[in-house]
Amino acid sequence: MIVDDRVLHEDFVPSEVVHRHEEVNHLSETLEPLLSDARPETAFLFGPTGVGKTCIARYTVDQLCEQLPSVRTVYVNCWQEYTRFRVLYSVLEAIDRAFDIHRSTPKDELFRRLSDADDQPIVAILDEVDQLEETEVLYDLHRLPHVSLVLIANREEELFASFDDRVRSRLRAGTRVQFDRYGTDELVAILEERAVQGLEPGAIDERHLRTVADAAAGDARVGIGILRSAVRRADRRGLESVTDDVLAESIPDARTAIRRKTVEQLIEHQRVLYDLIAEAGEIEPGELYAAYEAAVDDPKTNRTLRNYLTKMVHYDLIEAVGERRGRTYRLVDDE
DNA sequence: CATCCACCGGAAGTGAAGGGAT
DNA sequence: ATCCCTTCACTTCCGGTGGATG
């Protein structure tokens, strides 16, 4: 049933964009000055998850590369690379200037090397930039005339709130591209395109795609996840095409899969906290700390737990209700 | 109303790990 | 082999805040 597995992967970049022409144009206009050797403004892509921000950024930058092969491009996911060092390192790595750089290399050396590498323009896509812990690195990159930035985040206000003053004032100018939730029809078209490219003809019909799109509620990532899960399930059962039954089983499956993936990224002690909160439903900090200390062999300090908890709130896994005294923690409910 | 005090989170310090220089 | 330097996860210390308590 599956012809090309990659197409059903969420970070696949299609060769043709189904919707979002307007957004693509807006972004490519912003980057256009590069063609005449000028420096583009910083571009911001805002919108909820699964609306194609990452995909459109990569697609547009790829297109630019075809017109202008000399431009170097970097994609950095700030969820993983959240320190100044790691971001700078990722950029250097992408332009092949990362040789003999290691932990003991001072950060300023990384920056110096990057500013020396000004023979070719660099376009850096920083995804999930609101996860960045050392936002000064944006100031660093912005200072370099040969580096252009494409910054991706969920909400503008929250992103700017996390910046320090210097970064905020430098980046206030810049182009904003807003992405809205897909409608069902748009999502069906996107899924159809993937099905055409990745599946055997007739593997899934339009009616089922519509069901998938409805269940995904405007989130293409969830939609593609459901599609992938349904097709695999049907394949395992030796079916020729996706049926109602298979689809019904795949929907809840794919919905929790994304969260599960995030939970898996947590380190052991964070997961203990997560499980304790899940078990209690809702729990006060004092009680949570006590339960944690009882649950593990070598407990971390209270302060470290608070760091873990704020991180997990950031990841949208748990939610803190109330302020200071009287606060409780609970899991984020799945609408 | 005054005073606790549970909790939050910033700042600075510690020590392990990794690697260069000598 | 030794010393020195870095980053990074964690700890120690502490000031601020506002609901709880009498």
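Keep in mind that the numbers below use all heavy atoms, side chains included, and drop hydrogens, waters and symmetry copies. Remember, predicted model here, so these are calculated numbers, not experimental data. Chain naming here is simple, since letters A, B, ... match the order of the sequence lines and numbering starts at 1 in each.
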Just call it for A/Arg86: base, sugar-phosphate, or nothing, with non-hydrogen atoms closer than 4.0 Å on any strand.
sugar-phosphate
Does C/dT6 have OP1 or OP2 sitting under 4.0 Å from an N or O in the side chain of A/Tyr89?
no
What string of B, S and - do you get for nucleotides 13-22 of chain C, 5' to 3', when a contact is any protein heavy atom under 4.0 Å?
B--BB-B---
Please report, rounded to the nearest Å, how far the P atom of C/dT6 is from the CZ atom of A/Phe111.
18 Å
Answer yes or no: is there an ion pair linking A/Arg86 with A/Glu134, defined by an N-O contact shorter than 4.0 Å?
no
Applying salt bridge (charged side-chain N to carboxylate O under 4.0 Å, His left out) as the test, list every pair that has at least one member in residues 198-210 of chain A; sequence neighbours left out.
A/Asp185-A/Arg210, A/Glu206-A/Arg210, A/Arg207-A/Asp244
Expressed as a whole number of angstroms, how long is the span from A/Tyr289:OH to B/dC7:P?
7 Å
Between A/His208 and A/Thr211: side-chain donor-acceptor atoms closer than 3.5 Å
no
Classify A/Tyr308 by what it touches in the nucleic acid, base, sugar-phosphate, or nothing, heavy-atom distance under 4.0 Å.
sugar-phosphate
Roughly how many Å is it from CD in A/Glu134 to P in B/dG10, rounded to a whole number?
14 Å
Separation of C/dT6 C1' from A/Asp108 CG (nearest whole Å)
12 Å
Residue pairs passing the side-chain hydrogen bond (donor to acceptor under 3.5 Å, both in side chains) test where at least one lies in residues 151-160 of chain A, sequence neighbours excluded
A/Arg155-A/Glu157, A/Arg155-A/Glu158, A/Glu156-A/Arg176
Can you name the ring pair (Phe, Tyr, Trp, His ring centres under 6.0 Å) partners of A/Tyr315, sequence neighbours left out?
A/Trp79
Interatomic distance where CG belongs to A/Asn302 and P belongs to C/dA9 [whole Å]:
20 Å
Ring centres under 6.0 Å, that's the criterion: do A/Phe44 and A/Phe160 meet it?
yes
Side-chain N or O of A/Tyr329 less than 4.0 angstrom from OP1 or OP2 on B/dC8?
yes
Annotated protein contacts, base or backbone, on nucleotides 16-22 of chain B with a non-hydrogen cut-off under 4.0 Å, one of B, S, - each
-BBSS--
Whole angstroms only, please: what is the CD-C1' distance between A/Glu133 and B/dA11?
15 Å
Whole angstrom is fine here: how far is it from NZ in A/Lys311 over to P in B/dC8?
17 Å
Below the 4.0 Å mark, does C/dT11 have OP1 or OP2 next to a side-chain nitrogen or oxygen of A/Thr301?
yes
Against the side chain of A/Lys300, the closest entry in C/dA9, B/dC8, C/dT11 is C/dT11
Under 6.0 Å from the ring centre and within 45 degrees of the ring axis: does the NZ or CZ of A/Lys53 meet both conditions for the six-membered ring of A/Tyr59?
no
A/Arg330 pairs by side-chain contact (heavy atoms from CB on, under 4.5 Å) with which of A/Ile318, A/Val321, A/Ile283?
A/Val321
When you check the phosphate oxygens OP1 and OP2 of C/dC8, does a side-chain N or O of A/Thr83 lie under 4.0 Å from one of them?
yes
Let me check something: any side-chain donor-acceptor pairs from residues 136-148 of chain A under 3.5 Å, sequence neighbours excluded? List them with distances.
residue, atom, partner, partner atom, Å
A/Asp140, OD2, A/Arg84, NE, 2.4
A/Asp140, OD2, A/Arg84, NH2, 3.0
A/His146, NE2, A/Leu114, O, 3.0
A/His146, NE2, A/Ala117, O, 3.3

Would you say the side chain of A/Leu126 lies within less than 4.5 Å of the side chain of A/Val150, judging by non-hydrogen atoms?
no
Could you check how far CZ of A/Phe85 sits from P of C/dC5, rounded to whole Å?
17 Å
